[in-house]
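The structure appears below as structure tokens.
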Number of protein chains: 2
Amino acid sequence: MNDSGHSTGSAAGSKRKDALRNQQTLLDAAASVFVTSGVEAPVRDIAAEAGVGTGTIYRHFPTRADLIIAVYRHQVEACAEAGPDLLTTCPTPHAALERWVDLFVDFLVTKHGLAAVLRTDSSGFETLHAYFLDRLLPVCAQLLDAAAASGEIRPGIDAYQLMRGIGNLCIGAESDPRYDARRLVALLVAGLRRPS
Amino acid sequence: MNDSGHSTGSAAGSKRKDALRNQQTLLDAAASVFVTSGVEAPVRDIAAEAGVGTGTIYRHFPTRADLIIAVYRHQVEACAEAGPDLLTTCPTPHAALERWVDLFVDFLVTKHGLAAVLRTDSSGFETLHAYFLDRLLPVCAQLLDAAAASGEIRPGIDAYQLMRGIGNLCIGAESDPRYDARRLVALLVAGLRRPS
DNA sequence: AACAATACGGAACACGGTTCCGCTTTGGCA
DNA sequence: TGCCAAAGCGGAACCGTGTTCCGTATTGTT
């Protein structure tokens, strides 16, 4: 309890106030750059936007992926928390699954290039991949299980595959007007339904 | 009419024989490296494997993507030509579509990292993207049209979206045992069926 | 055999992530 | 208030890629 009690949301135990200020500046700058140039914007651009050196970024965020995580943590949390809510709100588990997938897809498609960074390979982004999985996989699994338990969907696809499939389908969706990721994902989720 | 009329198969109008030999050596080396290290192997590795300098690669293939195209041209052609055949061989157009998609997916999944390189972005690979589209899109469209004409599938997804969706679903499939791209693609294609 | 055209090798460049280190700022303490 | 060690900072430097450039070697024609 040594600081005045306001935290920036993340685990900000750092001591010096200029460091804290810079951390926030960086998050803002990154968010701004991500919006205009996409998630794959060069670190140097973010540093420039924040008016700091590149070293500063790496002291606060061990790797580019960690910065991305930090920027989108709130939204990922929101997405994760929405899962259980939808399950109680929606008429059927499958409907809840559909809604949740919509949320997830909107999130991915909205953030320029985020989806492309979720795939297993693309070195340097294991952290990001792991974070998304850690946080969202259980939620997706819960929805999937509920839908399975209610007999609405056929088995054979687990939450991991579904999430990777959705993530993959969203790649490049924002930069190609001819490609509608939402529709394809919807098709996929519809395909989960029991044929009966 | 100055040359003796033997060509290596591709548009090889180049004159000097060492150049032709090197071109073939490069194709073989590239094919070999792609198998062991994936399509994203560094140009220098391919040059080393072929025992030539990097400059030589770029004289024969303007860009890395062109080398990839050259290596896989045969298989892409085969895939393209299989389309019409399947249409006459299979009992229904939808079955033909399924078979063809299987072929395409096998091709993508087999070649380490090829799928990842088909997306619209990933600068430097526009050539490859364009080639795949030019060659395979008409085939896919023909199959899709036939299936639509026979009333087996519902409209709303065009060939372009289907191909991009399939390509995306195949990304990373070879490096992740927990992910079965074939199954997801099958789900997608199954989802095209008319609900009735 | 000589020479011009062609091709070659690999150093050099552009660009992106990441590391390193000398300098600056901060904040506790006298 | 002034001092100083610790914490933080900037950005040059490093590494790995794709790509370009140019001096040199090879080819084949006269």
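Reckoned from all heavy atoms, side chains included, excluding hydrogens, waters and symmetry mates. Every chain is numbered from 1, with letters handed out A, B, ... down the list of sequences.
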What string of B, S and - do you get for nucleotides 18-24 of chain D, 5' to 3', if B is base contact, S is sugar-phosphate-only contact and - is no contact with any protein heavy atom under 4.0 Å?
BBBB---
Can you give one letter per nucleotide of nucleotides 23-30 of chain C, going 5' to 3': B for a protein heavy atom under 4.0 Å from the base, S for sugar-phosphate only, - for none?
--BSS---
In a table with atom names and distances, give each donor-acceptor pair under 3.5 Å that connects a side chain of residues 124-131 of chain A to protein atoms at least two apart or in another chain.
from, atom 1, to, atom 2, distance (Å)
A:E126, OE1, A:G124, N, 3.3
A:E126, OE2, A:G124, N, 3.2
A:H129, ND1, A:L118, O, 2.2
A:Y131, OH, A:E77, OE2, 3.1

Check ring pair (Phe, Tyr, Trp, His ring centres under 6.0 Å) between A:F132 and all other residues, then give those that pass, not counting sequence neighbours.
none
Angle, rounded to 10°, between the helical axes spanning five pairs at each terminus of the helix from C:dA1-D:dT30 to C:dA30-D:dT1?
30°
Tell me the interatomic distance from [X], atom [atom1], to [N], atom [atom2], rounded to whole angstroms.
{"X": "A:I46", "N": "D:dG10", "atom1": "CD1", "atom2": "P", "answer": "15 Å"}
{"X": "B:Q24", "N": "C:dA7", "atom1": "CD", "atom2": "P", "answer": "16 Å"}
{"X": "A:I57", "N": "C:dT19", "atom1": "CD1", "atom2": "P", "answer": "13 Å"}
{"X": "B:L20", "N": "D:dT26", "atom1": "CG", "atom2": "P", "answer": "18 Å"}

Measure the shortest side-chain to side-chain distance between B:L27 and B:Q24 over non-hydrogen atoms and say whether it is less than 4.5 angstrom.
yes
Does A:D176 have any side-chain contact (heavy atoms from CB on, under 4.5 Å) partners at least two apart in sequence or in another chain, and if so, which?
A:R178, A:Y179, B:T120, B:Y160, B:R164
Pairing residues for B:D145 by the side-chain contact (heavy atoms from CB on, under 4.5 Å) criterion, not counting sequence neighbours
none
Give the table of side-chain donor-acceptor pairs shorter than 3.5 Å for residues 147-157 of chain B, with sequence neighbours excluded, one pair per line with atom names and distance.
from, atom 1, to, atom 2, distance (Å)
B:S150, OG, B:A147, O, 3.1
B:S150, OG, B:E152, OE1, 3.1
B:E152, OE1, B:H94, N, 2.8
B:E152, OE2, B:T92, OG1, 3.0
B:R154, NE, B:G191, O, 3.3
B:R154, NH2, B:G191, O, 2.9

With side chain to side chain contact (heavy atoms under 4.5 Å, CB included) as the criterion, how do B:R59 and B:N22 come out once you've worked through the C-alpha distance, each side chain's angles and the decisive distance to 0.1 Å?
CA-CA 11 Å; B:R59 197 161 327 93; B:N22 263 332; over 6 Å; no
Could you tell me whether the phosphate oxygens of C:dC8, OP1 or OP2, come under 4.0 Å of any side-chain nitrogen or oxygen in B:H60?
yes
If only side-chain N and O atoms of A:N22 are considered, is one of them under 4.0 Å from the OP1 or OP2 phosphate oxygen of D:dG8?
no
Could you tabulate the donor-acceptor pairs under 3.5 Å formed by side-chain atoms of residues 33-52 of chain B, not counting sequence neighbours?
from, atom 1, to, atom 2, distance (Å)
B:T36, OG1, B:V33, O, 3.3

Identify every side-chain donor-acceptor pair in residues 107-117 of chain A under 3.5 Å, counting partners at least two apart or on other chains, and give the distances.
from, atom 1, to, atom 2, distance (Å)
A:T110, OG1, A:D106, O, 2.5
A:K111, NZ, A:Q75, OE1, 3.4

Side chain to side chain donor-acceptor pair (under 3.5 Å) filter on A:D85, not counting sequence neighbours, yields none
Salt bridge (Lys or Arg N to Asp or Glu O under 4.0 Å) partners of residues 96-105 of chain B, not counting sequence neighbours, each pair once:
none
